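To keep things clear, I will list the structure first and then write my remarks on it.
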Amino acid sequence: MNKIDLEKDYPNLAKHIEDKDLDELRYFVVVDENYEDIDDEEVDVYDPEDYNYLIYIVERVQNALGEEGLKNLIGRLYELKEFENFLDSEIDLYGAKSELESDEIAKLVLKEIDTILGEAA
């Protein structure tokens, strides 16, 4: 469980989120390890050898960004040197290959989201 201070760490995002008491990364971005599970439909799209993490942007953040912001986010994430591979099969679900830990990836994605929201203001 990785705690954050929404107002301090991501002030632009905080302006778009009603519930200021949310203090865990998972309330904004969910980053799960991608492993081979024959029953998992995501394996067809995100091969665990090519994408060791699945990244999901939760609905409250999707609403804050809007469609254009999400498209901007995808473009920015493609450019990050921290991702060896990156794939967006849906506007809110991505696969990534990275040496970073899941919490570090969530913070990296949130930093990009906060930057996009700051530029839009």
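Just so it is clear, the structure is predicted and the values come from calculations on it, not from any experiment.
For Tyr53, the ring-ring contact (aromatic ring centres under 6.0 Å, His included) test picks out no residue, with sequence neighbours left out. Contacts of Tyr94 classified as ring-ring contact (aromatic ring centres under 6.0 Å, His included), with partners at least two apart in sequence or in another chain: Phe86. Residues satisfying the side-chain contact (heavy atoms from CB on, under 4.5 Å) criterion with Val58, sequence neighbours excluded, are Val30, Tyr56, Arg60, Val61. Take Asn52 and apply the side chain to side chain donor-acceptor pair (under 3.5 Å) test, not counting sequence neighbours, and it matches no residue. For Asn85, there are no side chain to side chain donor-acceptor pair (under 3.5 Å) partners, not counting sequence neighbours. Residues meeting the side chain to side chain donor-acceptor pair (under 3.5 Å) test with Glu33, sequence neighbours left out: none. Residues passing the salt bridge (charged side-chain N to carboxylate O under 4.0 Å, His left out) test with Glu67, sequence neighbours excluded: Lys71. With sequence neighbours excluded, no residue forms a ring-ring contact (aromatic ring centres under 6.0 Å, His included) with Tyr27.
Residue pairs meeting the salt bridge (Lys or Arg N to Asp or Glu O under 4.0 Å) criterion with at least one partner in residues 75-84, sequence neighbours excluded, are Arg76-Glu112, Arg76-Glu119. Note on residues 8-19: pairs passing side-chain hydrogen bond (donor to acceptor under 3.5 Å, both in side chains), not counting sequence neighbours, are Asn12-Asp114.
More than 12 heavy atoms of other shown residues, nucleotides or ligands fall within 6.0 angstrom of atom CD in Glu104.
At least one donor-acceptor pair closer than 3.5 Å links the side chain of Gln62 to the backbone N or O of Ile57. One N or O on the side chain of Asp47 and one on the backbone of Glu49 form a donor-acceptor pair closer than 3.5 Å. A donor-acceptor pair is defined here as one N or O able to donate and one able to accept, closer than 3.5 Å; no such pair exists between the side chain of Asn34 and the backbone of Gly95.
Just one of Ile55, Leu77, Leu80, Val31 meets the side-chain contact (heavy atoms from CB on, under 4.5 Å) condition when paired with Leu108; it is Leu80.
In terms of heavy atoms, Leu87 sits closest to Tyr46 at O-CE2, 3.6 Å. When all heavy atoms of Leu25 and Asp103 are compared, the closest pair comes out as CD1-O, 3.8 Å. Between Ile105 and Ser98, the closest heavy-atom pair is CD1-CB, 3.9 Å. Annotation for Gly69 and Ile116: closest pair O-CD1, 3.9 Å, computed over non-hydrogen atoms.
Atoms CG and CG, from Leu117 and Leu13 in turn, are 6.0 Å apart once rounded to the nearest 0.5 Å.
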**Q.** side chain to side chain contact (heavy atoms under 4.5 Å, CB included) evaluation trace for Val29 with Ile113
**A.** CA-CA 10 Å; Val29 176; Ile113 290 167; 4.2 Å; yes
